[in-house]
Amino acid sequence: MKEKSFYDKVIDVVKAIPYGKITTYGAIAAYLGNKRSSRMVGWVLNRQKNNSNIPAHRVVNRNGLLTGKFHFQGSNLMQELLENEGIEVKNNQIVKMERYFWNPEL
DNA sequence: TTTCTGACAACAA
DNA sequence: ATTGTTGCCAGAA
């Protein structure tokens with residue numbers, strides 16, 4: 001059995017994030033077995049980013065802060081994408097991300 | 001091959 | 001509570 005690399009698992013999880021929902025780097029990392037690998041999550045997205053249909057805008061840090069915003073094309077493209085899905089964003093931060101949070105384990 | 005770095009988060013002081 | 005260091009995995013130089 002070929003086990004997917006951490007790298008591939010991240011892609012799989014992020015692509016599974018439902019519309020109108022968001023998750024965090026830590027949640028994905030924890031789901032993969034080690035929450036300290038949260039760093040890798042962002043790293044993977046950075047490599048794939050537009051390369052695949054990965055909704056990277058639905059992934060934020062544990063504060064709900066749009067840390068990856070500066071990696072998107074526009075200045076506020078990430079925020080617009082989120083707002084487009086009904087997610088309220090204020091000052092680069094998701095408002096009450098708790099109600100939008102999606103746990104990959106579910 | 002060794003070393004550094006990276007969309008973060010936890011831990012130590 | 002705040003600041004600095006460590007951990008994680010893979011890729012680039």
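Chain A is the first sequence line, chain B the second, and so forth, proteins listed ahead of strands; every chain is numbered from 1.
- A:N63 contributes no side-chain N or O that, together with a main-chain N or O of A:L65, makes up a donor-acceptor pair within less than 3.5 Å.
- With P as the reference atom, B:dA9 and C:dG11 are 22 Å apart, rounded to whole Å.
- Taking every nucleotide of DNA chain B with any atom under 4.0 Å from a non-hydrogen atom of chain A, the first and last of them, 5' to 3', are B:dG6 to B:dC11.
- B:dA7 and C:dA13 are spaced 22 Å apart, taking the C1' atom of each and rounding to whole Å.
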Base-contact (B) and sugar-phosphate-only (S) positions in nucleotides 8-13 of chain C, heavy-atom cut-off under 4.0 Å, - elsewhere: BBBS--
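- The distance from the OG1 atom of A:T23 to the CZ atom of A:R62 is 13.5 Å, given to the nearest 0.5 Å.
- Closest approach of A:W102 and A:V13 over heavy atoms only: CZ3-O, 4.0 Å.
- With hydrogens and angles left out, the side-chain atoms of A:K69 and A:N92 include a donor and acceptor closer than 3.5 Å.
- Contacts of A:E80 classified as salt bridge (Lys or Arg N to Asp or Glu O under 4.0 Å), with partners at least two apart in sequence or in another chain: none.
- Here A:L32 contributes atom CG and A:S37 contributes atom OG; the two are 6.0 Å apart, rounded to the nearest 0.5 Å.
- For the contact set between residues 69-77 of chain A and DNA chain B, defined by any heavy atom under 4.0 Å, the members are A:H71, A:F72.
- For the residue pair A:S38 and A:A29, the shortest heavy atom distance occurs at N-CB, 3.3 Å.
- Under the salt bridge (charged side-chain N to carboxylate O under 4.0 Å, His left out) criterion, no residue pair touches residues 17-36 of chain A, with sequence neighbours excluded.
- Within 4.0 Å of A:A29, counting heavy atoms only, lies no atom of the nucleic acid at all.
- Hydrophobic clustering, defined by side-chain heavy atoms of Ile, Leu, Val, Met, Phe, Trp and Tyr closer than 4.5 Å, groups A:I87 together with A:I22, A:V60, A:L66, A:F72, A:L77, A:M78, A:L81, A:L82, A:V89, A:I94, A:M97, A:Y100, A:F101.
- For the P atoms, the distance linking B:dC8 with C:dA1 amounts to 23 Å, nearest Å.
- Scanning for salt bridge (Lys or Arg N to Asp or Glu O under 4.0 Å) contacts around A:R99 gives A:E88, with sequence neighbours left out.
- Residues that satisfy the salt bridge (Lys or Arg N to Asp or Glu O under 4.0 Å) test with A:E85, not counting sequence neighbours, are A:R58.
- Judged as a side chain to side chain contact (heavy atoms under 4.5 Å, CB included), and not counting sequence neighbours, the contacts of A:D12 are A:K4.
- Within the structure, the ring pair (Phe, Tyr, Trp, His ring centres under 6.0 Å) test picks out the following pairs touching residues 24-70 of chain A (sequence neighbours left out): A:Y7-A:W43.
- Of the residues in residues 91-106 of chain A, not one places a heavy atom less than 4.0 Å from an atom of DNA chain B.
- Not a single donor-acceptor pair under 3.5 Å links the side chain of A:N76 to the backbone N or O of A:Q79.
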query: Given Watson-Crick or G-U pairs with both distances under 3.5 Å, what dot-bracket string fits DNA chain B, with | for other-strand pairs and [ ] for crossing?
result: .|||||.||||||
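- Between the CD1 atom of A:I28 and the CZ atom of A:F6 there is a distance of 9.0 Å, given to the nearest 0.5 Å.
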